[in-house]
Amino acid sequence: MKKILYTLLFLFSFSNVSFAANCAIDLEANGMMQFSTSAIAIDSSCRKFTINLKNTGTLDVNLAGHNVVISKKADFNYLTSIVNPSNGLDNGYLPEDKKVIYKTKFLGPNETISLVLDTNKFAKGEEYIFWCSFLGHWGVMNGSLTLS
Ligand SMILES: [Cu+2]
């Protein structure tokens, strides 16, 4: 009887793992100006979704910092046009703008930051983009973000 119970408990915990939505992702930004993934899909059952960003590159933050900015894909061209270093490293070179849904500061080598997203700010069917707002980076450092 105990054996059956343990087996059931095991199966139950196993099924829990396989059905539970994963509400976080580890995202690496490397010295080759690459993100470790090109697509982030947020499960709509997640109330919060955490992006754990790590800069695995070796260049100083002033030379090649990495961050994550999240916006609608339709706003990408506009937002990249207002990137200006005068806005500072801590602001991701971006001024205050409502079209920026989320952004982090720039990270230097081996630095990490956790960005917690409120999934209510995203709509199903809308195309979002995550990108690095360091000068010259966003052309290759970008990926799709969707709520599904
Ligand atoms: Cu970058």
Side-chain angles (χ1 to χ4, degrees), residues 9-148:
L9 276 175
F10 174 77
L11 287 174
F12 182 70
S13 58
F14 185 74
S15 64
N16 245 359
V17 169
S18 50
F19 288 115
N22 188 359
C23 298
I25 189 172
D26 292 333
L27 181 66
E28 289 186 355
N30 70 21
M32 307 282 286
M33 287 201 297
Q34 294 165 325
F35 278 127
S36 56
T37 185
S38 59
I40 296 174
I42 299 175
D43 190 303
S44 58
S45 70
C46 299
R47 296 176 69 190
K48 307 272 185 195
F49 187 89
T50 305
I51 297 176
N52 298 307
L53 176 68
K54 180 175 186 179
N55 181 352
T56 62
T58 54
L59 288 175
D60 187 82
V61 66
N62 294 292
L63 296 173
H66 294 309
N67 73 340
V68 167
V69 178
I70 296 171
S71 65
K72 285 183 180 174
K73 196 174 180 185
D75 295 329
F76 181 59
N77 284 341
Y78 162 72
L79 288 174
T80 56
S81 78
I82 61 168
V83 170
N84 192 312
S86 67
N87 293 302
L89 289 167
D90 286 348
N91 292 313
Y93 289 170
L94 279 162
E96 284 296 310
D97 194 292
K98 281 184 178 163
K99 289 179 164 40
V100 173
I101 304 173
Y102 285 100
K103 69 177 177 183
T104 71
K105 64 176 185 173
F106 288 118
L107 302 181
N110 281 312
E111 285 189 314
T112 61
I113 196 166
S114 289
L115 177 64
V116 180
L117 312 179
D118 178 351
T119 54
N120 284 323
K121 296 200 172 184
F122 300 89
K124 282 185 187 177
E126 181 71 59
E127 282 187 80
Y128 301 92
I129 185 168
F130 68 92
W131 50 286
C132 175
S133 58
F134 202 86
L135 294 178
H137 287 202
W138 57 78
V140 283
M141 293 191 78
N142 70 74
S144 73
L145 186 145
T146 51
L147 183 72
S148 53

Sequence neighbours left out, what passes salt bridge (Lys or Arg N to Asp or Glu O under 4.0 Å) with Lys73? Give chain and number order. Glu127
Once rounded to the nearest 0.5 Å, what's the spacing between atom CD1 of Ile113 and atom NE2 of His66? 14.5 Å
Can you check whether Ala41's main-chain N or O pairs, donor with acceptor, with Ser148's side chain at less than 3.5 Å? no
Is the side chain of Asn91 donor-acceptor paired with the backbone N or O of Gly88 at a distance under 3.5 Å, no angle test? no
Quick one, Met141 and Phe134 - any side-chain contact, counting heavy atoms below 4.5 Å? no
Given 3.5 Å as the limit, does a donor-acceptor pair link the side chain of Thr119 with the main chain of Arg47, or not? yes
Looking at Asp43 and Ala21, would you say the former's side chain and the latter's main chain have a donor-acceptor pair under 3.5 Å? no
Residue that, paired with Leu117, satisfies side-chain contact (heavy atoms from CB on, under 4.5 Å) out of Ile70, Ile101, Leu147: Ile70
Do Pro95 and Ile82 touch side chain to side chain, with heavy atoms closer than 4.5 Å? yes
What are the two closest non-hydrogen atoms of Thr37 and Ile40, and how far apart are they? CG2-CG1, 4.1 Å
Minimum-distance pair of heavy atoms, taken over all atoms of Asn67 and Cys132: OD1-CA, 3.3 Å
Over all atoms of both residues, closest heavy-atom pair of Leu79 and Lys99: CD1-O, 3.6 Å
What I want to check is whether the side chains of Asn30 and Ser36 have a donor and an acceptor closer together than 3.5 Å. no
Looking only at atom types and distance, does a side-chain atom of Tyr102 sit under 3.5 Å from a main-chain N or O of Asp118, one as donor and one as acceptor? yes
Any non-hydrogen side-chain atom of Trp131 less than 4.5 Å from a side-chain atom of Leu145? no
Would you check, one step at a time, whether the test side-chain hydrogen bond (donor to acceptor under 3.5 Å, both in side chains) holds for Asn52 with Thr112? CA-CA 7 Å; Asn52 298 307; Thr112 61; over 6 Å; no
Distance from Phe130 atom CZ to Asn142 atom CG, nearest 0.5 Å? 7.5 Å
Any side-chain heavy-atom pair of Ser44 and Lys124 under 4.5 Å: yes
Side chains of Phe35 and Val68 in contact at under 4.5 Å (non-hydrogen atoms): yes
For the side chain of Ser133 and the backbone of Gly92, is there at least one donor-acceptor N/O pair under 3.5 Å apart? yes
Is there a side-chain contact between Ile129 and Trp138 (heavy atoms, below 4.5 Å)? no
Measure across Gly136 and Met33 and return the closest heavy-atom pair with its distance rounded to 0.1 Å. O-SD, 3.9 Å
Are the aromatic rings of Phe122 and Phe49 close, with centres under 6.0 Å apart? no
Please identify which of these residues, Leu27, Ile25, Leu115, Asp26, meets the side-chain contact (heavy atoms from CB on, under 4.5 Å) condition with Leu53. Leu27
Is there side-chain contact between Asn110 and Lys54, with heavy atoms separated by less than 4.5 Å? yes
